Amino acid sequence: MAIDGRALISGAGIAGLTLAICLKEHGDDPVVVEHSPALPDQGYMMDFYGTGWDVADRMGLTDKLRTLRYPIDKLQFVNADGRPYTSVPIKRIKRALDGKYVYLRRPDLVRILYDRAKELGVEFRFGTEIAELRELNDHVDVTFDNGGRGQFALVFGADGVHSGVRRLMFGDESQFARFLGAYVAAFHIEDHDLPVRRTAQIHEEPNRVAFYYPLGERKLDATFVFRLDEVDVPTDQQLTFVRRAFKGAGWIGEALLDSYKGSAPLYFDTLTQIAIPRWSRGRVTLLGDACGCLTLLAGQGSHMAMAGAYILAQELQRYDGNHTAAFTAYEAMMKPEIATRQEDAAAFAKIFIPTAQSKPWLRHLVTKAMFHPLLLPFAFRAFGSKSILEDDEA
Ligand SMILES: Cc1cc2nc3c(=O)[nH]c(=O)nc-3n(C[C@H](O)[C@H](O)[C@H](O)COP(=O)(O)OP(=O)(O)OC[C@H]3O[C@@H](n4cnc5c(N)ncnc54)[C@H](O)[C@@H]3O)c2cc1C
């Protein structure tokens, strides 16, 4: 036990749950508050490997990850009529990553982490969030939006890119937000008859890219990423906004969006990084996307969220009650890792979505080369296949 009193974690996401498990395993007593009323059962598809896999392994969770199965045998880059110009067997990707790779949906990972946290006896409070934080000498006074109050030794803001704890402690998000010039929207489709079977597909066009992931016989997840200047989009306008961005899109893009029966995407946001000079103030610290959002372009946001949580818990243990020293050490370890990945992702943002000037033949050539069996392990190096904890004792 390294914390003198209860710890409060805001956010039952990837960072918050990882931290709750690690703290509990070290003998501490975390409480997790999550503003959603329940765990999500839908969510976007992600690649999971590298540092994320390493942390999951240290937490004894990789057996659970290996049981996740989606009917995806190949990854294909397809033309406007659905013909593949690059086809990559998933086995090749697994081989390049020594078998430590899985396609999963964000809720799969959240569920695995939540189940472990529950097994360990972590307390959860759903449907509530922190309304006020007041730091005193030896604790933090917390008021919740439901009127409840509590005293906590430490408070952790693991509440994502639009973190409430960050706003309360450090001010408005606009000071720390770096817009990368694009939007992302994710959809879940039930009962479709679109021609996507056992193959994850990517279709690129100038200023827009679509990803399709089969989940079952007639179910799929789709992610749409598109370049546009930043504007305020009210929730009830999000679907119209995405439909407009993909008007006339090739392959199944336009048809999928036209036939979508929901009123809004499952997920909608700008591609925005968070770069904040200090992650901690007094007894409060941030982790995960709240202080170091990389965006999906890095392909390793969840990995770094887990690594940050793991290192933070480790440092609290190492400094045995001295939270100031622990927070300083955690920040010194994680911040350079995040900064490098943010720079790489911001550079990648310029080429990830083709422009009207891009040469399709050149992009096809580069894609083919990147996924060549001999080059793939090196390509994954650029996307964090080497764990940042590799040199650390497990
Ligand atoms: C479309 C898409 C694809 C991605 N693909 C990948 C990928 O392939 N690989 C990868 O590693 N990463 C990927 N990422 C990034 C990854 O999802 C994030 O980096 C990761 O989820 C960050 O974890 P987190 O716990 O910090 O935040 P989150 O996972 O966002 O969790 C934050 C939690 O806090 C809760 N919350 C929010 N506000 C409050 C509040 N005020 N009070 C209480 N609770 C609150 C939220 O409901 C949520 O449960 C992708 C992201 C997107 C959007």
Side-chain angles (χ1 to χ4, degrees), residues 8-20 31-40 43-53 55-56 101-111 113-114 124-133 142 144-146 155-168 173 180 182-188 200 209-211 213 221-225 265-274 286-309 312 334 338 341-342 345 380 383-385:
L8 178 65
I9 299 172
S10 174
I14 293 162
L17 291 167
T18 304
L19 181 66
V31 183
V32 182
V33 284
E34 163 60 50
H35 74 168
S36 302
L39 286 190
Y44 46 82
M45 188 64 96
M46 312 195 307
D47 292 294
F48 194 76
Y49 55 91
T51 307
W53 189 280
V55 177
Y101 170 87
V102 67
Y103 257 129
L104 50 67
R105 300 169 89 207
R106 183 182 170 279
D108 297 330
L109 184 54
V110 166
R111 170 57 66 182
L113 294 168
Y114 175 78
F124 284 88
R125 300 179 193 167
F126 283 94
T128 185
E129 64 181 60
I130 299 171
E132 219 179 294
L133 287 170
V142 180
F144 298 96
D145 64 343
N146 60 9
V155 175
F156 300 96
D159 40 6
V161 61
H162 305 299
S163 167
V165 170
R166 188 186 60 223
R167 180 174 30 78
L168 292 171
E173 180 172 317
L180 298 187
Y183 286 75
V184 54
F187 295 83
H188 173 69
V209 182
F211 302 76
Y213 304 98
D221 275 357
T223 304
F224 294 88
V225 185
L266 187 65
Y267 178 92
F268 179 93
D269 211 340
T270 54
L271 287 196
T272 296
Q273 296 183 335
I274 296 294
L286 304 173
L287 64 155
D289 276 8
C291 53
C293 180
L294 304 172
T295 75
L296 67 95
L297 296 181
Q300 37 184 325
S302 72
H303 314 172
M304 298 311 281
M306 291 178 76
L312 179 53
M334 282 305 293
I338 294 295
R341 282 161 179 77
Q342 286 185 328
F380 268 114
F383 288 92
S385 61

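One-based numbering, in listed order, for ligands and for the atoms of each. None of these values were measured; they are calculated from a predicted model.
Evaluated by nearest non-hydrogen atom to atom 45 (C) of ligand 1, the leading choice among M304, H35, R105 is H35. Here the shortest heavy-atom distance to atom 42 (N) of ligand 1, taken over R125, E129, M306, belongs to E129. Compare P40, G160, S302 by their heavy atoms: the one nearest to atom 27 (O) of ligand 1 is in G160. Nearest to atom 7 (C) of ligand 1 by heavy atom, out of Q300, M45, R166, M46, is M46. Summarising the contacts of atom 37 (C) of ligand 1 with L296, D159, L294, L19, the nearest heavy atom is found in D159.
Given atom 19 (O) of ligand 1, the protein heavy atom at minimum distance is D289 OD1, 2.9 Å. Given atom 25 (O) of ligand 1, the protein heavy atom at minimum distance is A15 N, 2.8 Å. For atom 28 (P) of ligand 1, the closest non-hydrogen atom of the protein is R106 NH2, 3.5 Å. The closest protein non-hydrogen atom to atom 17 (O) of ligand 1 is Y44 OH, 2.8 Å. Residue, atom and distance of the protein heavy atom nearest to atom 15 (C) of ligand 1 are G301 CA, 4.0 Å. Looking from atom 9 (N) of ligand 1 to the surrounding protein, the closest heavy atom is D47 O, 3.1 Å. Looking from atom 21 (O) of ligand 1 to the surrounding protein, the closest heavy atom is I14 CD1, 3.4 Å. Nearest to atom 48 (C) of ligand 1 among the protein's heavy atoms is E34 OE1, 3.5 Å.
Residue contacts with ligand 1, taken as heavy atom pairs separated by less than 4.0 Å, involve V33 solely via the backbone atoms N, CA, C and O. Neither the backbone nor the side chain of S163 comes within 4.0 Å of ligand 1, counting heavy atoms alone. Residue contacts with ligand 1 for F48 are absent, since no atom lies close enough (heavy atoms, distance under 4.0 Å). Using a 4.0 Å cut-off between heavy atoms, A305 contacts ligand 1 through its side chain alone, with no backbone atom that close. Residue contacts with ligand 1, taken as heavy atom pairs separated by less than 4.0 Å, do not involve H162 at all. Contact annotation for S36 and ligand 1: only side-chain heavy atoms (C-beta onward) come within less than 4.0 Å of the ligand.
Atoms CE and CG, from M45 and L104 in turn, are 8.0 Å apart once rounded to the nearest 0.5 Å.
Residue G299 approaches ligand 1 through these ligand atoms, each under 4.0 Å from one of its heavy atoms: 9 (N), 10 (C), 11 (O). With ligand atoms numbered from 1 in the order given, ligand 1 contributes 53 (C) to contacts under 4.0 Å with heavy atoms of Y267. Every atom of ligand 1 with a heavy atom of S10 under 4.0 Å away is listed here by number and element: 42 (N), 43 (C). For ligand 1 and A12, the ligand atoms under 4.0 Å from any heavy atom of the residue are 49 (O). The G13 neighbourhood of ligand 1 comprises atoms 25 (O), 31 (O), 33 (C), 49 (O), with distances under 4.0 Å to a heavy atom of that residue. Taking a cut-off of under 4.0 Å to the non-hydrogen atoms of G288, the atoms of ligand 1 that pass are 26 (O). Close contacts of ligand 1 with A158, meaning ligand atoms under 4.0 Å from a residue heavy atom, involve 32 (C), 33 (C), 34 (O).
Within the structure, the closest approach of A186 to ligand 1 does not fall below 4.0 Å when heavy atoms are considered. Between G52 and ligand 1 there is no heavy-atom distance shorter than 4.0 Å.
For the pair D221 and F211, the minimum side-chain heavy-atom distance is 4.5 Å or more. Within the 4.5 Å cutoff, side-chain heavy atoms of F187 are placed close to those of P265. Counting heavy atoms from C-beta on, the side chains of V225 and Y183 never come closer than 4.5 Å. The shortest side-chain heavy-atom distance between R166 and D159 does not fall under the 4.5 Å cut-off. M306 has its side chain within reach of F48: a pair of non-hydrogen atoms, C-beta onward, lies under 4.5 Å apart.
Side-chain contact check for Y101 and D47: at least one donor-acceptor pair (N or O, by modelled atom type) lies under 3.5 Å. For D269 and H162, the side-chain atoms include at least one donor-acceptor pair closer than 3.5 Å.
Tested against L113 for a side chain to side chain contact (heavy atoms under 4.5 Å, CB included), the candidates L19, L17, D108, L39 yield a single pass: L17.
A185 and F268 make their closest contact through CB-CD1, 4.1 Å (heavy atoms, listed as atom of the first residue, atom of the second, distance). Across all their heavy atoms, A345 and L297 have their closest contact at O-CD1, 3.9 Å. Nearest heavy-atom pair, P40 versus R106, reported as atom, atom and distance to 0.1 Å: CG-NH1, 3.8 Å.
Aromatic ring centres of F383 and Y49 lie farther apart than the 6.0 Å criterion allows.
Residues passing the salt bridge (Lys or Arg N to Asp or Glu O under 4.0 Å) test with E132, sequence neighbours excluded: none.
Residue pairs that meet the side-chain hydrogen bond (donor to acceptor under 3.5 Å, both in side chains) test with at least one member in residues 288-303, sequence neighbours left out, are Q300-R341.
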